[in-house]
Amino acid sequence: SIIVDVIDLPDFNVGADTAICFNEMIIISVPGFGTDEIDSVNWYSKVSGNQLIANSAEYTYAVTAKDTLIAEVFNVNRCVNYDSIIVDVIDLPVFDIGQDTAVCFNELLTVSVPGAGSDEIDSVNWYSKVSGNQLIANSADYTYSVISKDTLIAEVFNVSRCVNYDSIIVDVIDLPVFDIGPDTAV
C-alpha cells in the first residue's frame, strides 16, 4: 500500500479590490511570509504579463493605470497558490486657473476654478508661494489686491479626495511716477 499525504496549499488573502488616486502608492502584502505556510511570494501584473518583484512579502504599486496584481505564493513544500487584487485608478481633478498675468499695483484680481462643486471638483484651497500660507479654504474663487509679485496655487480635491494643483504667476505693473511741477496760483 501507498500512503499519500495531501499537503495544503498556502492559505492567504491579498485584500479586497480597490481604487486609488492616480499616482498614489498602495502597498499590497501577503501576511505570514517566511513561515512554513508561506515560504516565497512573487508578484505579477496581469496587464503587462510581467513579473513585478520576486520573493517579497509586499509590493508597492504606483497607480497610473488599472491593473490586476497577482501574488504567487509557495509554501515550504513548493505547493503554489494564487490570489489577486484589482487596483483601479481614480482620475485627478482636471482644471485650469488661467495664464500668468500682470496687473497694476493695488488692482483687484480674482482667480477661479471653473466647475467647483461638481463631482469633478469638490473643494478648492488657495495658497501663496511667496508666504507659504493658505490664503483661503474651500472657495472656488480668490480675490485680492495685488501689491507684489506672487504665485497663487489652487489645491483642488474631487469627491474621492484625489488632489491636483495648478498655479498662476501674478506680476505687478508699477504705477507711473510723474511730477506735474510746483503748485501755482492763477
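This one's a predicted model, so the numbers in the text were calculated from it and none came from an experiment.
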If you take all heavy atoms of [X] and [Y], which pair is closest and at what distance?
X: P114; Y: S112; result: CD-O, 3.5 Å
X: S167; Y: T151; result: CB-CG2, 3.8 Å
X: D11; Y: E37; result: N-OE2, 2.7 Å
X: V73; Y: P10; result: O-CG, 3.5 Å
X: V89; Y: K66; result: CG1-N, 4.0 Å
X: V30; Y: A71; result: CG2-CB, 4.1 Å

Spell out, as yes or no, whether a donor-acceptor pair under 3.5 Å connects the side chain of [X] to the backbone of [Y].
X: N42; Y: E72; result: no
X: D150; Y: V130; result: yes
X: N133; Y: L135; result: no
X: D67; Y: L69; result: no

* Tell me, with the steps shown, if T110 and D141 meet side chain to side chain donor-acceptor pair (under 3.5 Å). => CA-CA 7 Å; T110 300; D141 306 308; over 6 Å; no

Kindly work out whether a path of hydrophobic side-chain contacts (I/L/V/M/F/W/Y, heavy atoms less than 4.5 Å apart) joins [X] to [Y].
X: I97; Y: Y127; value: no
X: V163; Y: W126; value: no
X: V113; Y: I168; value: yes
X: I136; Y: F157; value: no
X: V103; Y: V111; value: yes

Give, for atom [atom1] of [X] and atom [atom2] of [Y], the distance between the pair rounded to the nearest 0.5 Å.
X: Y144; Y: E107; atom1: OH; atom2: CD; answer: 10.5 Å
X: C21; Y: N158; atom1: SG; atom2: CG; answer: 6.0 Å
X: I26; Y: T60; atom1: CD1; atom2: OG1; answer: 10.0 Å
X: S160; Y: E120; atom1: OG; atom2: CD; answer: 9.5 Å
X: Q51; Y: S45; atom1: CD; atom2: OG; answer: 11.5 Å
X: D122; Y: C162; atom1: CG; atom2: SG; answer: 11.0 Å

Any side-chain heavy-atom pair of [X] and [Y] under 4.5 Å:
X: V124; Y: F95; result: no
X: E58; Y: I27; result: yes
X: I20; Y: V87; result: yes
X: F105; Y: V146; result: no
X: K46; Y: I70; result: yes
X: E24; Y: F22; result: no
X: D88; Y: D17; result: no
X: I7; Y: N75; result: yes

Exercise. Would you say I147 has more than 12 foreign heavy atoms packed within less than 6.0 Å of its CD1?
Worked result: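 No, CD1 of I147 has 12 or fewer neighbouring heavy atoms, counting only those of other groups under 6.0 Å.
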
